[in-house]
Each structure stands twice: as structure tokens, then as C-alpha cells.
Colleague: 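This structure is in C-alpha cells; I'll ask about it shortly.
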Amino acid sequence: MELMAVYENLYDRFGPQHWWPKHEGSARPGFDPRFEVMVGAILTQNTAWTNVEKAIANLYAADCLDAKAIASVDGSRLKDMIRPAGYFNQKAKKLKILASADVVEPTRRSLLSMWGIGRETADSILLYAFNEPIFVVDAYTRRLLALLGRHDLAEADYDVIRNFFELNLPRDTNLYNEFHALIVAWAKAA
DNA sequence: CTCCAGGGGGCCA
DNA sequence: TGGCCCCATGGA
């Protein structure tokens, strides 16, 4: 199995996916797009992206797409704004922690040390907000590996799979960005 | 009606 | 480490 060939196959079938950071309309005027990406990465946990968009629109309408605003906003107001994204009690807590953390140059370790950020969310932040060549693994990635006959890898630990992709692909942020998004597109189409 | 979406934490053996 | 449960909304 050649991963680059798999990528090209998916790209031919589904085309560019326009995920972060170049999603049209993603970066709101006057707000740091990196913070918006971090917020989105938390809000999308086990949640359809369409619901996340509603929550982010609420935050934007209330001028709450920056760390200081989220850190100071009333907790119940924050919950109301992010309600469409589900899990609002947990996610409000996570956003409060993120907003208080003063994330400037995060490392994987520093992100993982924060309550509410696991490996997939940490890697999504590093890749899509800070343009680091980290391959994001999710349940769809495992499905793809299984379909490719790599059942061993499909059931392996998260970081084993991540290392497999990073060791068998060029170290290219844009490639990782697009590949992960294409895997999601493939899974949704299937 | 059921199922699940761009997961993570807590608990327990 | 691995299995299980909880969290919550909205679209299919």
C-alpha cells in the first residue's frame, strides 16, 4: 500500500476540501483565526460540523471569538451560545480552560496537559491552527486502514497510526491537512 | 423511531 | 492498557 497513491486517489475523487485555515469565511475580521480553529476543534468533538458552525456564529455575534472574551463571559451565557454543538456543560468548561491558557506556541505535550484536549484534538490544533506537520488520526482513518487490508494498524494505538502516516508520507503540512479532510469526505460519502 | 457526528474524561479491573 | 459509561444537540 502506497499512502501517496491513496491520497491522490481520494483527491481525484473528492477534490480539495477547504478545511482550515483557508476555509472561506472562516476567519472573522478582527479575530485571530488560530483561536477560532482551537475553539472549533473543541466544539466539534463527537459533533457534526454543521452544529459547530452554529455555535461559532453565536460566539462571533457576541464578540466572543477571542480568549479574553471567553475567559470573562458569564458561564451560563457561554453555554447558551455553544448549545447547538452539544455537550455544552463540558465544552463550556473546556473553552474556559483554553481561554485561560494563553496558548501562543503550543506543543503537543502542553496541549495534552489541558483538561478537555486529547490526542486528536491536540493534533488538529497543531495541524490546522499552527500549521505543524502532524497527521491527525480519527475513527475514519481506522476505517480506511481496515478497508486497505491493514487490520493490524486499524486497531493499533493512536500514535502508532499517526507515526505510520508521518513516516510514509512527505513531511508536508498541506498534504496532512488535505489528507485528513479527504478521509472524512470519503467516510461521509461511503 | 434509531443512529451518529471532524472525542475526551473518569472509573475500574 | 483495555473496556465501559457519560456527556447533549440536531440532522438523516
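What you are looking at is a predicted structure, and each value in this text was computed from that prediction instead of being measured. Throughout, protein chains are lettered first and strands after them, A, B, ... in sequence-line order, and every chain is numbered starting at 1.
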Colleague: Sticking with atom P, work out how far C:dC4 lies from B:dG6, rounded to a whole angstrom.
Modeller: 25 Å

Colleague: Could you see if A:Leu126 belongs to whatever hydrophobic cluster contains A:Leu112? Use Ile, Leu, Val, Met, Phe, Trp, Tyr and a side-chain cutoff under 4.5 Å.
Modeller: no

Colleague: Suppose we define a pair by two distances each less than 3.5 Å, Watson-Crick or G-U wobble; what does B:dG6 pair with here?
Modeller: none

Colleague: Does OP1 or OP2 of B:dA5 have a side-chain N or O of A:Lys54 closer than 4.0 Å?
Modeller: no

Colleague: Let me know the distance between CG of A:Leu78 and P of C:dA8, rounded to the nearest Å.
Modeller: 13 Å

Colleague: Determine the contact category for A:Arg143: base if any of its heavy atoms lies under 4.0 Å from a base atom, sugar-phosphate if only primed atoms, P, OP1 or OP2 are that close, otherwise nothing.
Modeller: sugar-phosphate

Colleague: Could you give the CD1-to-C1' distance, from A:Ile97 to B:dG9, as a whole number of Å?
Modeller: 11 Å

Colleague: Taking atom CG of A:Leu3 and atom CD of A:Glu8, what is their separation to the nearest 0.5 Å?
Modeller: 11.0 Å

Colleague: Using the ring of A:Phe88 (Phe, Tyr or Trp, six-membered ring only), decide whether A:Arg83 places NZ or CZ under 6.0 Å from its centre and within 45 degrees of its axis.
Modeller: yes

Colleague: Compare the minimum distances between each of B:dG6, B:dG7, C:dG10 and the side chain of A:Asn51, then state the nucleotide with the smallest one.
Modeller: C:dG10

Colleague: To the side chain of A:Asn89, which of C:dT9, C:dA8, B:dG6 is closest?
Modeller: C:dA8

Colleague: Hey, which of these two, A:Val184 or A:Trp115, hits DNA chain B nearer its 5' end, going by closest nucleotide?
Modeller: A:Val184

Colleague: Which is true for A:Lys188 with a 4.0 Å heavy-atom rule: it touches a base, it touches only sugar-phosphate, or it touches nothing?
Modeller: sugar-phosphate

Colleague: Quickly work out the A:Phe88 CZ to C:dC6 P distance and round it to whole Å.
Modeller: 17 Å

Colleague: In whole Å, I'd like the distance from the CG atom of A:Asp138 to the C1' atom of B:dG8.
Modeller: 14 Å

Colleague: Return the 5'-most residue of the pair A:Thr50, A:Thr47 with respect to DNA chain C, ranking by each residue's nearest nucleotide.
Modeller: A:Thr47

Colleague: Report, as yes or no, whether the 6.0 Å neighbourhood of atom CZ on A:Arg77 holds more than 12 heavy atoms from other residues, nucleotides or ligands.
Modeller: no

Colleague: Identify whether any heavy atom of A:Ile42 sits under 4.0 Å from a base atom; if not, whether one sits that close to sugar-phosphate; answer base, sugar-phosphate or nothing.
Modeller: nothing

Colleague: OP1 or OP2 of B:dG6 versus the side-chain N and O atoms of A:Tyr140: is any pair under 4.0 Å?
Modeller: yes

Colleague: Quote, to the nearest angstrom, the C1' distance that separates C:dA8 from B:dC3.
Modeller: 14 Å

Colleague: On DNA chain B, does the nearest nucleotide to A:Gly118 precede the nearest nucleotide to A:Ala48 from the 5' side, or the other way round? Give the residue.
Modeller: A:Ala48

Colleague: Where the side chain of A:Trp19 is concerned, which of C:dG10, B:dG7, B:dG6 is the nearest nucleotide?
Modeller: B:dG6

Colleague: Given atom CG of A:Asn46 and atom P of B:dG9, what is their separation to the nearest angstrom?
Modeller: 13 Å

Colleague: May A:Trp49 be described as stacking on the base of B:dG6, applying a 5.5 Å centroid limit and a 30° limit on plane angle?
Modeller: yes

Colleague: If you look at every strand shown and take non-hydrogen atoms under 4.0 Å, does A:Asp157 touch a base, only sugar-phosphate, or nothing?
Modeller: nothing

Colleague: Measure CG/A:Leu111 against P/B:dG9 and give the value in whole Å, please.
Modeller: 12 Å

Colleague: Just how far, in rounded Å, is P of C:dG10 from CG of A:Asn58?
Modeller: 11 Å

Colleague: Whole Å only: how far is the CD atom of A:Gln45 from the P atom of B:dG10?
Modeller: 13 Å

Colleague: With a 4.5 Å limit on heavy-atom distance, are the side chains of A:Glu53 and A:Pro84 in contact?
Modeller: no

Colleague: Would you indicate whether A:Arg34, at its atom CZ, is surrounded by more than 12 heavy atoms from other residues, nucleotides or ligands within a distance under 6.0 Å?
Modeller: no

Colleague: Pick base, sugar-phosphate or nothing for A:Glu120, based on heavy-atom distances below 4.0 Å to the nucleic acid.
Modeller: sugar-phosphate

Colleague: Are any of A:Thr121's side-chain N or O atoms less than 4.0 Å away from OP1 or OP2 of B:dG8?
Modeller: yes

